[in-house]
Amino acid sequence: MGHGHDVRAVEWTGQGLRLIDQTVLPHRLSHLHVQDVDALVDAIQRLVVRGAPALGVAGAFGVAIAMLQAEREGWDDATRDAAIDRIRNARPTAVNLAAGVDRVRPLVPKGLDVVVAEARELLEEDLRGNRAIGRHGADWILARTPDRPLRVLTHCNAGALATAGWGTALGVVRELYARGRIELVYADETRPLLQGSRLTAWELRQEGIPCLVQADGAAPGTILRGLVDAAVVGADRIAANGDTANKVGTVSVALACAEAGIPFVVAAPWSTVDLDTASGADIPIEERAPEEILAWNGVRAAPDGARAFNPAFDVTPARLISALVTETGVLEISAGATPDRAFPR
């Protein structure tokens with residue numbers, strides 16, 4: 001099979017973005033064509049496009065969409081700038097979205113072609129970086145796990161769909177599989193929209209990689225029963241001290257790995273590290289609509305009048321993170337190799 005490298009969550013058409021609609025996978029592979037700012041903000045908020053690196057690329061191209069719409073609809077600069085701000089702030093936790101916008105925004109006066117070229121460069125960097133993350137992560141894990149095919153657990157979707165097209169955590173899994181070192185992947189189903197069962201399991205099926213989908217709440221028990229050799233997850237924002245925000249449910253995986261004495265690995269590009277955020281306590285945690293918890297598929301599950309707490313992310317403390325794998329190599333976070341020490345301000 002091996003189609004993972006063909007999956008493009010975010011593509012520039014010349015007039016706008018062609019996005020894989022990740023809300024309807026795995027039942028249909030359909031695309032959404034986004035040519036205005038309202039549609040892009042909606043797509044980001046509904047998780048049509050999701051995953052920190054992919055959001056960065058979408059944000060960068062979003063600036064170009066705002067420029068085209070401004071020209072089409074005769075906006076003044078203030079209206080255009082406000083529209084760019086709306087894209088930048090569409091979701092708060094992943095640092096990559098704002099960073100992608102901020103990277104191309106200074107080029108707006110130089111015109112559309114320059115903005116698009118820089119957004120394309122961001123996409124290409126992400127692809128190259130993901131391949132390197134896969135190699136570094138596989139090397140590090142193989143040096144610290146039994147000499148046999150491994151059972152790896154992952155949470156959420158940090159694959160081609162979450163990136164420019166290869167994957168961070170799933171990039172590591174793909175690399176291990178290419179080396180003949182994957183026995184099985186446990187894919188946590190993942191709230192709020194079953195990103196694991198719908199998206200990760202779909203990507204792994206495309207590649208022919210053996211996979212078991214399990215409930216998020218099953219993960220710690222699976223780990224403590226000795227059924228897992230290592231866990232690999234992505235990240236949405238990594239603080240200067242190594243604390244890491246990722247999809248809600250990640251911290252229970254990390255706690256179980258620490259108890260079981262197996263590696264808990266975060267795989268993410270350097271662009272996800274935010275040296276301006278001192279610790280996890282400073283990371284804004286997105287809270288999503290209560291309906292995602294109180295209803296399922298539009299059918300009410302909770303009693304009328306019940307209220308919900310629906311954080312989309314949780315923070316894993318640095319002390320629980322065995323390794324942070326980036327395109328530049330591996331930092332052993334729990335041993336004290338934190339991002340701010342690697343690249344001090």
Side-chain angles (χ1 to χ4, degrees), residues 6-25 28-129 160-166 193 199 236 269 271-272 284 286 288-289 312:
D6 302 328
V7 174
R8 290 280 182 272
V10 182
E11 281 184 291
W12 180 250
T13 64
Q15 285 79 50
L17 283 173
R18 182 173 180 261
L19 304 173
I20 292 178
D21 185 347
Q22 299 193 32
T23 66
V24 299
L25 279 171
R28 329 199 272 288
L29 178 54
S30 76
H31 291 82
L32 193 69
H33 292 268
V34 169
Q35 296 186 311
D36 66 75
V37 171
D38 283 350
L40 179 58
V41 168
D42 178 65
I44 291 169
Q45 291 175 340
R46 286 196 300 115
L47 311 194
V48 168
V49 59
R50 42 147 298 281
L55 288 172
V57 172
F61 283 116
V63 174
I65 287 176
M67 291 170 74
L68 282 165
Q69 190 176 359
E71 200 176 325
R72 220 167 44 235
E73 300 184 12
W75 293 352
D76 61 17
D77 288 356
T79 306
R80 182 198 65 208
D81 290 345
I84 293 172
D85 283 336
R86 286 180 51 229
I87 297 168
R88 186 185 188 277
N89 302 322
R91 291 187 68 200
T93 300
V95 72
N96 301 60
L97 175 57
V101 170
D102 292 347
R103 173 161 165 175
V104 303
R105 194 172 202 167
L107 302 174
V108 168
K110 297 187 175 174
L112 183 70
D113 291 350
V114 178
V115 167
V116 168
E118 187 67 15
R120 279 194 200 285
E121 176 55 28
L122 177 63
L123 189 151
E124 288 303 318
E125 280 172 25
D126 188 53
L127 274 175
R128 287 195 302 273
L161 291 168
T163 62
W166 179 249
L193 300 180
L199 307 178
D236 288 82
S271 55
T272 303
E286 175 189 3
R288 296 181 60 81

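None of these values were measured; they are calculated from a predicted model.
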Minimum-distance pair of heavy atoms, taken over all atoms of [X] and [Y]:
X      : Y      : value
Ala9   : Ala160 : CB-O, 4.3 Å
Ala54  : Val10  : O-CG2, 3.9 Å
Ala52  : Asn96  : O-CB, 3.0 Å
Arg46  : Thr23  : O-CG2, 3.3 Å
Arg288 : Ala312 : CD-CB, 3.7 Å
Leu122 : Gly100 : CD2-CA, 4.1 Å

Worked verdict on Arg120 versus Leu123 for side chain to side chain contact (heavy atoms under 4.5 Å, CB included) = CA-CA 5 Å; Arg120 279 194 200 285; Leu123 189 151; 5.5 Å; no
May I ask you to test the [X]-[Y] pair for a side-chain heavy-atom distance under 4.5 Å?
X      : Y      : answer
Arg91  : Leu47  : yes
Asp38  : Asp42  : no
Thr272 : Asp236 : no
Thr79  : Glu73  : no
Val57  : Phe61  : yes

Salt bridge check, [Y] against [X]: does any charged N sit closer than 4.0 Å to a carboxylate O?
X      : Y      : result
Arg103 : Glu125 : yes
Glu121 : Arg128 : yes
Arg105 : Asp85  : yes

Using modelled atom types only, decide if a donor and an acceptor are shared between the side chain of [X] and the backbone of [Y] within a distance under 3.5 Å.
X      : Y      : answer
Gln45  : Ala90  : yes
Glu118 : Leu107 : no
Asp126 : Pro53  : no
Thr93  : Glu286 : yes

Just verifying a value: how many Å separate [X] [atom1] and [Y] [atom2], rounded to the nearest 0.5 Å?
X     : Y     : atom1 : atom2 : value
Ile65 : Leu17 : CD1   : CG    : 4.0 Å
Leu19 : Leu40 : CG    : CG    : 7.0 Å
Gln35 : Gln15 : CD    : CD    : 6.5 Å

The single option from Leu161, Leu127, Ile20 passing side-chain contact (heavy atoms from CB on, under 4.5 Å) against Arg8 = Leu127
Would you mind telling me which of Ile84, Val37, Leu68 makes a side-chain contact (heavy atoms from CB on, under 4.5 Å) with Val63?
->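 Result: among Ile84, Val37, Leu68, Ile84 is the only option passing the side-chain contact (heavy atoms from CB on, under 4.5 Å) with Val63.
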Given side chain to side chain contact (heavy atoms under 4.5 Å, CB included), test Arg50 with Leu199 step by step and report yes or no.
-> CA-CA 11 Å; Arg50 42 147 298 281; Leu199 307 178; 3.5 Å; yes
Give a yes or no on this: more than 12 heavy atoms of other residues, nucleotides or ligands lie within 6.0 Å of atom CZ of Arg72.
->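 Yes, enclosed.
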